[in-house]
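Here the structure is a predicted model, which means the values were calculated and not measured. Just so it is clear: chains get the letters A, B, ... in the order the sequence lines come, proteins before strands, and each one is counted from 1.
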There are 2 protein chains.
Amino acid sequence: MVSTALKPPTEPAPKRSFRQQMHLAREDAIVSAVNRLLAEKGFESMTVDEVAAEVGIAKASLYKHFPSKEDLAAAAMVRVMQRAQAFLDGLDKNRPPLQLLREVARWTMEVQLAGEMPSLPSENSSLRAALTTNKAYVDGLMDVSDRLGAWITAAQSEGSINPDLPPIAVLYTLYARACDPVLGFLKGSGQYSNEQIIEMVLSTCFDGLKAR
Amino acid sequence: MVSTALKPPTEPAPKRSFRQQMHLAREDAIVSAVNRLLAEKGFESMTVDEVAAEVGIAKASLYKHFPSKEDLAAAAMVRVMQRAQAFLDGLDKNRPPLQLLREVARWTMEVQLAGEMPSLPSENSSLRAALTTNKAYVDGLMDVSDRLGAWITAAQSEGSINPDLPPIAVLYTLYARACDPVLGFLKGSGQYSNEQIIEMVLSTCFDGLKAR
DNA sequence: GTCTATATGTAGATAGAC
DNA sequence: GTCTATCTACATATAGAC
């Protein structure tokens with residue numbers, strides 16, 4: 001068809017891709033700021049004005065990218081979930097399941113100490129409702145839960161994780177340790193390095209407070 | 001002096017005491033409502049209107065009792081701390097320190113499952129600042145920490161608590177378990193009774209996830 | 001001390017020019 | 001898509017009658 005000759009012959013796709021990349025980069029900067037503020041102050045205390053100020057754009061511009069504060073926060077939660085999935089992907093599945101679980105717990109604590117782990121939304125938070133209807137988040141959470149659940153039952157079968165505990169209790173415990181305030185408490189005491197803190201909390205989590 | 005004859009001869013003190021008791025009872029009802037709402041929604045999401053509605057008085061009346069929302073919440077935190085002190089008082093100090101610590105952890109979990117355990121205020125919450133300048137709260141917290149700390153070091157000396165853990169790490173862990181979201185997760189699953197949930201979380205806390 | 005009514009600040013969200 | 005300026009709702013806190 002002759003009409004195709006009307007298109008500019010040079011770089012039409014790259015130009016559109018460039019603008020898309022700018023758009024995505026901007027959104028990534030927004031999500032990063034939201035992620036940090038969510039971890040620092042929580043959903044209720046975080047204000048959209050703060051997000052706009054941190055990103056360096058007007059608040060109205062934020063609403064061109066995300067229709068509400070809940071969607072803003074949900075995007076950050078989805079990205080954290082994707083980071084978790086990527087971490088799971090990178091693990092050597094030939095290692096014993098107990099070691100895999102321990103590595104996952106260690107990673108979540110590193111993320112938290114880096115100030116990048118949003119705390120769990122409380123049960124009646126408006127964010128909670130937004131997340132339960134967010135397919136990307138729910139799918140990611142189920143995927144992560146399935147993979148961890150398989151390692152948990154495998155570890156219980158081989159006798160390295162306490163088989164008396166329901167697997168779901170172990171799973172929830174690992175999720176809770178990702179947001180454990182003990183890390184912040186110990187950090188605030190100023191007596192220990194991040195590595196020491198993580199080793200202590202990993203020890204209490206897997207070995208318990210009692211002597212062995 | 002003859003002027004004393006002008007006083008009514010019957011029950012002057014009881015009348016004043018009665019009004020004081022009414023006053024205290026009203027304040028106790030307020031603090032109970034605040035305590036429940038703090039546990040349910042957290043400080044930022046709780047509104048003074050809700051408190052007034054739950055108590056059944058006008059919002060302005062609340063401000064005759066407590067000068068600010070922070071003071072309102074602080075009063076509830078102080079009462080929780082007093083309940084903790086009273087629980088510690090009632091324990092049999094002749095029991096092994098590990099058992100004492102376990103009983104304390106069990107009690108905090110019972111309080112949480114009863115919907116009466118306020119979650120810890122985040123680091124930059126306005127409630128945090130109010131609490132650090134509240135003598136009753138700080139004194140209560142230090143008293144509880146001292147008593148638990150003594151049991152922790154005693155348990156470590158007799159070899160029942162892991163002596164490699166700094167006592168402060170053990171203390172912070174016990175505080176964190178009092179607000180552990182795992183209890184709510186397991187409760188929300190609808191599969192376990194309160195007793196089962198507490199046993200599971202006590203097990204993960206003291207015995208760890210690993211098999212023994 | 002309790003109430004109704006209101007002041008005051010601030011949050012999420014939008015209008016409309018460019 | 002970005003901005004300034006604004007709307008609207010609601011939360012903390014107060015005024016003032018009784």
Side-chain angles (χ1 to χ4, degrees), chain A residues 15-34 37-38 40-77 121-122 124-131, chain B residues 15-34 37-38 40-77 121-122 124-131:
Chain A
K15 184 183 179 186
R16 195 158 125 220
S17 171
F18 177 76
R19 288 177 62 175
Q20 284 183 346
Q21 274 195 347
M22 287 293 93
H23 185 83
L24 288 177
R26 172 60 56 89
E27 290 202 342
D28 190 70
I30 295 172
V31 171
S32 291
V34 171
L37 287 168
L38 272 185
E40 178 188 336
K41 335 180 55 158
F43 178 72
E44 344 284 342
S45 297
M46 176 189 81
T47 70
V48 180
D49 292 88
E50 286 173 325
V51 178
E54 178 145 332
V55 179
I57 62 178
K59 178 164 58 170
S61 302
L62 275 185
Y63 280 94
K64 300 288 184 178
H65 290 270
F66 300 93
S68 74
K69 183 187 178 185
E70 282 76 17
D71 289 272
L72 209 51
M77 301 295 283
S122 66
N124 53 359
S125 168
S126 61
L127 176 56
R128 185 90 158 196
L131 285 176
Chain B
K15 186 182 180 185
R16 194 157 127 223
S17 172
F18 176 76
R19 288 176 62 174
Q20 283 182 347
Q21 274 195 349
M22 287 293 93
H23 185 83
L24 287 177
R26 172 61 55 89
E27 289 202 343
D28 189 69
I30 295 172
V31 171
S32 291
V34 171
L37 287 168
L38 273 185
E40 177 188 336
K41 339 182 51 160
F43 177 72
E44 345 284 344
S45 296
M46 176 188 82
T47 70
V48 180
D49 291 270
E50 287 173 325
V51 178
E54 179 146 332
V55 179
I57 63 177
K59 179 165 55 172
S61 303
L62 276 186
Y63 280 94
K64 299 287 185 178
H65 291 269
F66 300 94
S68 73
K69 183 186 176 184
E70 282 75 18
D71 289 273
L72 208 52
M77 301 295 282
S122 67
N124 54 358
S125 169
S126 61
L127 176 56
R128 185 91 158 195
L131 286 177

Once pairs are restricted to Watson-Crick or G-U wobble with both distances under 3.5 Å, how does DNA chain D read as a dot-bracket string, [ ] for crossings and | for other-strand pairs?
||||||||||||||||||
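- By the 4.5 Å heavy-atom criterion applied to side chains, A:Phe66 and A:Val31 are counted as neighbours.
- Considering only residues two or more places apart in sequence or on other chains, A:Lys59 meets the side-chain hydrogen bond (donor to acceptor under 3.5 Å, both in side chains) condition with A:Asp49.
- Every residue two or more places apart in sequence or in another chain that forms a side-chain hydrogen bond (donor to acceptor under 3.5 Å, both in side chains) with A:Ser126 is listed here: A:Glu70.
- Residues of residues 22-33 of chain A that place a heavy atom closer than 4.0 Å to DNA chain D, in numerical order, are A:His23, A:Arg26.
- Shown here are the salt bridge (Lys or Arg N to Asp or Glu O under 4.0 Å) partners of A:Glu40, two or more places apart in sequence or in another chain: A:Arg36.
- In 5' to 3' order, the nucleotides of DNA chain D bounding all contacts with chain B (an atom under 4.0 Å from a heavy atom) are D:dA11 to D:dA15.
- Looking only at side-chain heavy atoms (C-beta outward), A:Asn124 and B:Ser45 stay at 4.5 Å or farther from each other.
- Each of B:Ser61 and A:Lys64 has a nearest nucleotide on DNA chain C; the 5'-most of these lies closest to B:Ser61.
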Under 3.5 Å between N/O atoms: give me all the protein pairs with nucleotides 6-11 of chain C, atom names plus distance.
none

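- Judged as a side chain to side chain contact (heavy atoms under 4.5 Å, CB included), and not counting sequence neighbours, the contacts of B:Ala73 are B:Leu38, B:Phe43, B:Leu127.
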Can you give the donor-acceptor pairs under 3.5 Å from side chains of residues 21-29 of chain B to other protein atoms, not counting sequence neighbours?
from: B:His23; atom 1: NE2; to: B:Glu27; atom 2: OE2; distance (Å): 3.2
from: B:Glu27; atom 1: OE2; to: B:His65; atom 2: ND1; distance (Å): 3.2
from: B:Asp28; atom 1: OD1; to: B:Arg79; atom 2: NH1; distance (Å): 3.1

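- Partners of B:Glu50 by side chain to side chain contact (heavy atoms under 4.5 Å, CB included), not counting sequence neighbours, listed by chain and number: B:Leu37, B:Lys41, B:Met46, B:Thr47.
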